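Worksheet for the structure shown next.
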2 protein chains.
Amino acid sequence: MPVAKGSTIDPARTRATIVEAATAVLYERGLDGIGVAELCTRIGVSKETLYRHFGTKEGLVEVMLRQRSERVTQWLTAAVEAAGDDPRDQLAAVFDALQLWYDDPVFRGCAMLNAAAQHHVEPVRTITVRHLDGYLELLTGIAEGAGAANPPVLGRQLLMLVEGATVVAAHHDSVGAGEHARQAALILLSAASAASPCG
Amino acid sequence: MPVAKGSTIDPARTRATIVEAATAVLYERGLDGIGVAELCTRIGVSKETLYRHFGTKEGLVEVMLRQRSERVTQWLTAAVEAAGDDPRDQLAAVFDALQLWYDDPVFRGCAMLNAAAQHHVEPVRTITVRHLDGYLELLTGIAEGAGAANPPVLGRQLLMLVEGATVVAAHHDSVGAGEHARQAALILLSAASAASPCG
DNA sequence: CCGAGATCGAACCGATCGGTATGATCAGAC
DNA sequence: GTCTGATCATACCGATCGGTTCGATCTCGG
C-alpha cells in the first residue's frame with residue numbers, strides 16, 4: 001500500500017511520501033536511532049529508491065528538516081495572523097499554539113534542536129540557526145507592533161521563552177507549559193511597552 | 001602519561017580519570033559521535049579497563065551525566081549563595097554565571113538535554129528530569145525568598161528562561177544571551193513580587 | 001620474593017552501519 | 001508492442017560498532 005508499484009505516474013509523489021513518512025519516524029526514533037534499512041521498511045520504500053532520491057541519509061535528513069522548519073514557522077505565523085491586530089493577542093496565540101503541540105502524544109521537542117544536539121555537521125546546524133531566525137523575526141515583529149522600547153531585545157527574550165517552554169515541556173513536564181510561558185511573555189510585553197511603570 | 005601503568009595504587013583514581021576525560025570528549029563529539037575504541041584512545045585507557053569499570057558504554061554515560069548534573073547544579077547554587085540575601089541579586093547571579101558558561105569556547109549547550117535529545121533510553125531521560133528538578137528547586141527558592149505570589153509558577157517561568165537562554169546561546173547566538181535573560185527574569189520577579197503594579 | 005589484581009595492547013567477535021549492484025516487475029509514452 | 005524508467009526485493013560490500021578475550025607487564029601487600 002505504500003508509495004505504489006512501478007512508475008506510478010509520479011516520482012515527485014514518491015519523494016514527497018518518503019519525506020513525509022521519514023519525518024515522523026526520524027522524529028520519533030532520533031536521527032541516529034534507526035538505520036536506513038529499517039527506516040525504508042517502515043516507510044515502505046526500497047533503499048534503492050531512497051538513495052536515488054536523496055543520495056545519502058544526510059541528504060534526506062536535510063530535506064526533511066528544512067521542510068519541517070518551514071511548516072512549523074508557517075503554522076505559528078498563521079496562528080499569529082489569525083489572532084488579529086492586538087500584539088497581546090498575537091503573542092498569546094503563539095503560546096496557545098505551542099501548548100497544542102506539547103499536548104500531542106508524539107511531541108518530542110523541537111526536531112531541529114534535537115538534530116543539532118547530535119549531528120554536529122554544518123548543514124544541520126545551519127538549518128537550526130535559520131529556524132531560530134524565523135522564530136526571532138516573528139516575535140520581534142510582535143514586539144515592534146506593541147511599541148516596545150527595544151524590539152530586538154524583547155524579541156530575543158520572547159524567543160528564549162518559546163524555546164525554554166518547549167524544552168521544559170519535552171524534557172520535564174508539558175502540563176501548562178504553554179500557559180505559564182504565555183503569562184511570562186505578556187508580562188515582558190507590558191513592561192517593554194510602557195515607557196515607565198504605570199505610565 | 002595518562003592514568004598510569006599497572007595497579008598504580010588506586011583503581012578509584014583510574015575510574016575518576018576516565019569519567020573526567022570522557023565527559024569532555026563525549027560533550028564535544030556527542031554521545032554517539034565517537035566510538036568506544038577512539039574514546040579510549042583519547043582518554044588514554046584500554047577498552048578492557050573501561051569496560052571493567054563501567055560494564056557498557058551506556059553505563060559510563062550515565063555515571064558521567066549524573067556527575068555533570070550534580071556539579072553544574074552545585075556550581076549554580078554556589079553562585080546564588082555567594083550573591084547574598086537579596087533575591088534579585090541571587091537571580092542576577094544565576095544568569096551572570098550562565099553567561100560565563102556560554103562564553104566558554106567548548107560550550108555546546110546543556111549536556112543532559114543533548115543526551116536526552118538522542119538517547120531515548122529511560123535512565124538518561126530520568127537523569128535529565130532530575131537535573132531540571134534541581135534547577136527548578138533552586139529557582140523556586142529564589143521566588144519564595146522574593147515573596148512571589150505563586151513561587152512554583154514563577155520558578156517554572158524562570159526555568160524556562162534559563163533553558164531558553166541556554167538553547168539560544170548554544171544554537172543561535174551566545175552574545176548577551178545571559179544578560180538579556182537576566183533582564184527578563186528580573187522583570188518577572190518584580191511583577192510577581194508586587195501585590196499590585198507600582199504598589 | 002611472590003602472588004593478587006589492575007592495566008595495556010591487540011586480536012577477535014558478531015552485528016549493524018551506510019551505501020551499491022543486480023535482476024525482475026510494472027506503468028506509462030509512443 | 002515495445003521501450004523507458006521508476007520501483008522493488010535481495011544480496012552484497014567494506015567499515016565500524018559495542019563488547020570480549022588473552023597474554024604480557026607492572027605495583028603493591030604480605
Side-chain angles (χ1 to χ4, degrees), chain A residues 1-22 25-26 28-65 115 118-124, chain B residues 1-22 25-26 28-65 115 118-124:
Chain A
M1 314 59 186
V3 171
K5 295 282 184 177
S7 162
T8 321
I9 309 172
D10 206 348
R13 177 83 71 187
T14 303
R15 183 185 164 101
T17 305
I18 294 175
V19 175
E20 210 72 30
V25 175
L26 291 174
E28 177 196 352
R29 298 275 297 264
L31 299 186
D32 293 335
I34 188 173
V36 175
E38 188 186 351
L39 177 64
C40 286
T41 302
R42 294 270 296 257
I43 293 179
V45 83
S46 70
K47 291 177 69 174
E48 197 259 344
T49 299
L50 186 144
Y51 277 103
R52 180 158 31 78
H53 277 290
F54 303 98
T56 67
K57 187 185 184 184
E58 262 286 314
L60 168 62
V61 166
E62 291 171 27
V63 168
M64 114 183 174
L65 285 180
Q118 48 196 301
H119 267 29
H120 297 167
V121 240
E122 196 44 50
V124 170
Chain B
M1 319 46 198
V3 170
K5 296 282 186 178
S7 161
T8 321
I9 308 173
D10 207 350
R13 178 84 71 188
T14 303
R15 184 185 165 100
T17 305
I18 294 175
V19 175
E20 209 73 28
V25 175
L26 291 174
E28 177 196 350
R29 298 275 297 266
L31 299 186
D32 293 335
I34 187 172
V36 175
E38 188 185 350
L39 177 63
C40 286
T41 302
R42 294 269 296 257
I43 293 179
V45 84
S46 70
K47 290 176 71 173
E48 199 259 342
T49 298
L50 187 146
Y51 276 102
R52 181 158 31 78
H53 278 290
F54 303 99
T56 68
K57 187 185 185 184
E58 262 286 315
L60 168 62
V61 165
E62 291 171 26
V63 168
M64 112 183 176
L65 285 180
Q118 49 196 299
H119 265 29
H120 296 168
V121 247
E122 196 44 51
V124 170

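So that the names make sense, note that chain A is the first sequence line, chain B the second, and so on, each numbered from 1. This one's a predicted model, so the numbers in the text were calculated from it and none came from an experiment. As a basis for the values below, the full set of heavy atoms in this structure was taken, side chains included, without hydrogen atoms, waters or symmetry mates.
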Separation of atom CZ in Arg52(A) from atom P in dG5(D), rounded to whole Å
12 Å
Correct closest heavy-atom pair for Phe54(B) and Leu60(B) would be CB-N, 3.8 Å
Could you give the CG-to-C1' distance, from Leu50(A) to dC17(C), as a whole number of Å?
15 Å
Name the pairs: protein N/O against N/O of nucleotides 19-22 of chain D, kept only if under 3.5 Å.
residue: dG19(D); atom: OP2; partner: Tyr51(B); partner atom: OH; Å: 3.1
residue: dG19(D); atom: OP2; partner: Lys57(B); partner atom: N; Å: 2.7
residue: dG19(D); atom: N7; partner: Lys47(B); partner atom: NZ; Å: 2.6
residue: dG19(D); atom: O6; partner: Lys47(B); partner atom: NZ; Å: 2.2

Separation of dG18(D) atom P from His119(B) atom NE2, nearest Å, is 9 Å
As an exercise, state the distance from CZ of Arg15(A) to CG of Leu50(A), rounded to the nearest 0.5 Å.
10.5 Å
Could you walk me through whether Val124(A) and Glu58(A) pass side-chain contact (heavy atoms from CB on, under 4.5 Å), step by step?
CA-CA 9 Å; Val124(A) 170; Glu58(A) 262 286 314; 4.3 Å; yes
With sequence neighbours left out, the residues meeting side chain to side chain donor-acceptor pair (under 3.5 Å) with Thr56(B) are none
Within the structure, does a side-chain N or O atom of Thr14(B) lie under 4.0 Å from either OP1 or OP2 of dT7(C)?
yes
Just to verify, which of Leu31(B), Leu65(B), Asp32(B) counts as forming a side chain to side chain contact (heavy atoms under 4.5 Å, CB included) with Leu26(B)?
Leu31(B)
Whole angstroms only, please: what is the CD-P distance between Glu38(A) and dC17(C)?
8 Å
Could you give the NE2-to-C1' distance, from His53(A) to dT7(D), as a whole number of Å?
9 Å
Calculate the interatomic distance between Leu39(A) atom CG and dC8(D) atom C1'; express it in whole Å.
16 Å
May I ask you to evaluate whether Thr49(B) reaches the phosphate of dC8(C), defined as a side-chain N or O under 4.0 Å from OP1 or OP2?
yes
When the distance from CZ of Arg29(A) to P of dC17(C) is rounded to whole Å, what number comes out?
9 Å
Quick one: does Thr49(B)'s side chain get under 4.5 Å of Ile18(B)'s, heavy atoms only?
yes
Between dG18(D) (C1') and Asp32(A) (CG): distance, integer Å
15 Å
